[in-house]
> 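Let me give you the structure first, and then I'll get to my questions.
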Amino acid sequence: MNFVISSSKLLKQLVQLNGVINSSNTLPILDNFYFEIKKDEIIISASDLETTVSSKVEAKSESEGKVCIPAKMLVDALKSFPDQPLSFSVNPDDFGVEISSDLGKYKLNGYNGEEFPKTPVIEAASSVKISSDILARAINKTLFATGNDDLRPIMSGIYFDFTEEGLTFVATDAHKLVRYKRADAKAEGASNFVVPKKPLNLLKSILASSAEDVTITYNENNAHFNLGDATVICRLIDGNYPNYEAVIPKENPNKLTISRTALQNSIKRVSIFANKTTHQVRLKISGNELSIFAEDLDFSNEAQEKLSCQYTGEDMEIGFNSRFLNEMLNNLDADDVIIELSAPSRAGILLPVSKDIEEEDILMLVMPVMLNN
């Protein structure tokens, strides 16, 4: 088995695939890239059994075959090459790999491609086709709000809810929540599933360099994201997603409108002086003035700033985790934001005042922290 391939093109694909490989695998074969050699292209795959990522890359080959090549050694070697064609020669008897470049020759042990785990076939599947821009934006706007609690694995992914009216993506860790809706993408029937964080991070990096429409094929157990030359197949998280609509307060008579950048910069400055465990900042709204206050009693640190705002409602004082507020403000694009509040013990809702994409609807929710007066 022989093939010739551009070193830079190969490295670009392998760096993308490398993110799926765990540092300690239960099966040694998973420390390798799986190469399926065809006449005009090579399909390269990497897997951790839960997630498999594959990518097609152009190559010249006189024969077809399969081989597994150690991932770390191959990536480290390719990083040291200038852009040039590389010739790979695979011994069909012991799967030894010889790489020839303009600079010299290199040999490494390969393994039988038949030992690499087979990609799961998705049976009785449904599918939906959406633009890569919509999927990339949905992932970018929600992924930060996913949880890391091993006791609640269902919260460690993004909830995909497809209907004939539109698509909804939800992420929450019980402290913060993001609901992202698109009315310009629809499915033929109603279905929902939860995709884990790891394949979504891999998908995010692939989508950044792809303009292809994405076909999502899914059943109860697996989802398959096809982007033309790249595919991501993952096992879905089993379980029922929490009723997120129930935690979104419907009646919020107190509405604060403020510059997103001014609020974010103020919270960043003030939170430096907050307690390093709770990261608590106190928001006091009176008339058209917002006071932001933080203190750390253990070290006698405190800070306070005042901002002008537009406010309708009763005077109010509420506490939030500054990190959560910052993350949310960071993931909103609008110049001005609305913070809707009902009571100091109930969740606050962040909404953009205006939106660049008419069909987009984004809502962010943050739980308050108890104020210690």
Side-chain angles (χ1 to χ4, degrees), residues 1-23 25-121 198-199 202-203 205-206 209-210 212 224-234:
M1 291 181 279
N2 302 304
F3 61 91
V4 179
I5 192 166
S6 156
S7 61
S8 58
K9 280 185 182 176
L10 180 57
L11 178 61
K12 184 184 175 185
Q13 299 301 326
L14 296 188
V15 166
Q16 227 167 40
L17 301 179
N18 206 28
V20 79
I21 298 175
N22 291 332
S23 53
N25 283 306
T26 48
L27 295 177
I29 197 71
L30 297 176
D31 294 334
N32 298 268
F33 292 119
Y34 168 67
F35 282 67
E36 188 179 348
I37 304 153
K38 297 180 179 289
K39 290 289 183 187
D40 300 315
E41 66 181 18
I42 296 171
I43 301 170
I44 310 167
S45 302
S47 178
D48 66 356
L49 293 182
E50 297 285 325
T51 303
T52 302
V53 186
S54 300
S55 188
K56 292 177 188 171
V57 60
E58 286 179 21
K60 292 178 183 174
S61 173
E62 297 299 320
S63 56
E64 298 192 349
K66 300 168 184 174
V67 64
C68 289
I69 303 177
K72 187 176 188 312
M73 188 176 284
L74 185 57
V75 169
D76 287 349
L78 287 169
K79 282 179 179 174
S80 64
F81 282 117
D83 183 22
Q84 60 179 286
L86 298 178
S87 296
F88 284 71
S89 177
V90 182
N91 186 326
D93 298 324
D94 63 2
F95 299 98
V97 181
E98 183 176 287
I99 306 170
S100 302
S101 75
D102 295 343
L103 306 167
K105 291 188 176 182
Y106 321 85
K107 288 184 179 179
L108 67 161
N109 277 330
Y111 301 91
N112 188 346
E114 296 294 340
E115 294 175 18
F116 199 80
K118 297 287 182 282
T119 303
V121 177
K198 183 175 178 178
L202 294 163
L203 197 55
S205 65
I206 296 168
S209 57
S210 172
E212 297 262 355
H224 184 298
F225 299 84
N226 192 322
L227 296 87
D229 285 343
T231 60
V232 176
I233 300 169
C234 67

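Below, each value reflects all heavy atoms present in this structure, side chains not excepted, and no hydrogens, waters or symmetry copies.
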> Looking at residues at least two apart in the chain, or sitting in another chain, which of them share a salt bridge (charged side-chain N to carboxylate O under 4.0 Å, His left out) with Asp102?
none
> Who are the ring-ring contact (aromatic ring centres under 6.0 Å, His included) partners of Phe95, not counting sequence neighbours?
none
> Any ring-ring contact (aromatic ring centres under 6.0 Å, His included) involving residues 46-68? Give me the pairs, sequence neighbours left out, ordered by first then second residue.
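For residues 46-68, and leaving out neighbouring residues, there are no ring-ring contact (aromatic ring centres under 6.0 Å, His included) pairs at all.
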> Applying salt bridge (charged side-chain N to carboxylate O under 4.0 Å, His left out), name anything that partners Glu212, two or more places apart in sequence or on another chain.
none
> Less than 4.5 Å apart, side chain to side chain, heavy atoms only: is that true for Ile29 and Asn32?
yes
> Name all pairs fulfilling the salt bridge (charged side-chain N to carboxylate O under 4.0 Å, His left out) condition that reach into residues 40-50, sequence neighbours left out, sorted by first residue then second.
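Sorted pair list: Asp48-Lys198, Glu50-Arg235.
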> How would you list all residue pairs meeting salt bridge (charged side-chain N to carboxylate O under 4.0 Å, His left out) that involve residues 28-39, not counting sequence neighbours?
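Checked against salt bridge (charged side-chain N to carboxylate O under 4.0 Å, His left out) - neighbours excluded - the pairs reaching residues 28-39 are Glu36-Lys38.
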> Return yes if some donor-acceptor pair links the side-chain N/O of Ser7 with the main-chain N/O of Gln84 below 3.5 Å, else return no.
yes
> Under the salt bridge (charged side-chain N to carboxylate O under 4.0 Å, His left out) test, which residues partner Glu114, sequence neighbours left out?
Lys66, Lys118
> Listed by chain and number, what are the side-chain contact (heavy atoms from CB on, under 4.5 Å) partners of Asp229, not counting sequence neighbours?
Lys56
> Is Asn22 close to Leu30 at the side-chain level, that is, under 4.5 Å between some pair of heavy atoms?
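Answer no - side chains too far apart.
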> Tell me the salt bridge (charged side-chain N to carboxylate O under 4.0 Å, His left out) pairs involving residues 78-94, sequence neighbours left out?
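Passing the test, one end in residues 78-94: no pairs.
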> For Ser61, what residues pass the side-chain contact (heavy atoms from CB on, under 4.5 Å) criterion, not counting sequence neighbours?
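Residues passing side-chain contact (heavy atoms from CB on, under 4.5 Å) with Ser61: Phe3, Ile37, Ser63.
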> Can you list the residues that meet the salt bridge (charged side-chain N to carboxylate O under 4.0 Å, His left out) rule with Lys12, with sequence neighbours excluded?
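With sequence neighbours excluded, Lys12 shows a salt bridge (charged side-chain N to carboxylate O under 4.0 Å, His left out) to no residue whatsoever.
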> Is there a donor-acceptor contact under 3.5 Å linking the side chains of Thr231 and Asn226?
no
> With sequence neighbours excluded, tell me which residues meet ring-ring contact (aromatic ring centres under 6.0 Å, His included) with Phe116.
Tyr34
